[in-house]
Amino acid sequence: MKTRRSSLPTSRGTLAALVVGLAAISFALVGCGKAKPALSVYTWSDYIKPDLIRRFEREQSCRVILDTFESNEAMYAKLRAGATGYDLLTPSSYMVSLMHAQGLVRKLDRALLPNLVHIDPDYLAMAIDKTMDHSVPYMITNTGIAYLEGRVKDVIPSWRMFGRVDLRGRMTMFNDMRETIGAALKCLGYSINSTSKTELAEAETLLLEWKKNLAKFDNEQYKIGLASGEFLLVHAWSGDIFQVRKENPDVRFFVPEEGTVISCDDLVIPVDARKAALAHAFINFLLDPAVAAENTASIYYLCPNKDSYPLLPAEIRDNPGIFLAPAIRAKSEMIADIGTANTLYIRVWDRLKASR
Ligand code: N2P
């Protein structure tokens, strides 16, 4: 104590500075005492514009904690294994349907979501949860193929590109059961939701052939791998590729002529969420047309928000990888929850992954 007292300043000016300093410290300590509420979001990588998260944090005086998953199945497995503490998730609609059937997601409180009026009714017509009872569409993703212009010769707009032996070891396909089996089914002219054992057997044979040409199955590293030239041709999600194209202008993207997988990733609140009101506030924020347009212009996935479309830059509105041409769209499908037939896919996938 003595030592402290002896160190106290004596001049008036220094004393005033000390009082102000102490007041600031105690103010900061009181502030720390009231920790800001934290919203825990579990989503895909590079899927929300960071500036928008910061804006929401400021507006709501909260923190947003992001954790990422790389496939629906990986997210679901983690939740089933007991992971808790998430307040908001963005699974694809078929996974939402499965999770809803298992009582894992909450019914939404529409009174907290006035911005639902902006959702595109054309999209809702093909949605699984058409009344937005427990899920709200966040982003539409189109699956396709990306490659490096000038490094891949004789490109044809087809899934058959994965059969090109001259690209052996320089191609990747998704580490995602429904996407990759879906691509082979589409290549063969079948539905991505086929439950026919013969059709799935044909798809497996084709995939075993394609696998010989692949460097790996991957959902995230393919972006940097393509930008750097390590991979020349990759199975890709549209927005990821338009983000990558900023780094490497030689990157090209097409949706195969046989048709593709269209996914909608939905915003859902898990039953055990601790910050359900804040999660509703974040959903409503993301559905504001100006926010939705800014988000789409940054991540290049399409938020199905009709009132955001006029606000989108021409670069987005005229991009056929984002707004699919009607002919390709007509041949494309959304992944459906196929119930018990899922085990057929799991068997094909396990054999494919185990094969050499
Ligand atoms: C974003 C991944 C898109 C999700 N990195 C595909 N549904």
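Order of appearance sets the numbers: ligands from 1, and atoms from 1 within every ligand.
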Looking at Ser45, which atoms of ligand 1 are within less than 4.0 Å of one of its heavy atoms? 1 (C), 5 (N)
Arg274, CZ atom: more than 12 neighbouring heavy atoms under 6.0 Å: no
Quick check on contacts: which atoms of ligand 1 are under 4.0 angstrom from a heavy atom of Thr141? 6 (C), 7 (N)
Inspect the contact between Asp133 and Lys107 and indicate whether a charged nitrogen and a carboxylate oxygen are less than 4.0 angstrom apart. yes
Among all protein non-hydrogen atoms, which one is nearest to atom 7 (N) of ligand 1, and what is the separation to 0.1 Å? Asp265 OD2, 2.8 Å
heavy-atom search around atom 3 (C) of ligand 1 in the protein gives Tyr301 OH, 3.7 Å
Do Lys223 and Asp46 meet the salt-bridge criterion of a basic N to acidic O distance under 4.0 Å? yes
Run the numbers for me: atoms of ligand 1, each under 4.0 Å from some heavy atom of Asp240, listed by number. 1 (C), 5 (N)
Using a 4.5 Å cut-off on heavy atoms from C-beta on, say whether the side chain of Ile53 contacts that of Leu66. yes
Under-4.0 Å salt bridge between Asp51 and Arg54: yes
Residue and atom name of the nearest protein heavy atom (relative to atom 6 (C) of ligand 1), distance in Å to one decimal: Trp237 CE2, 3.4 Å
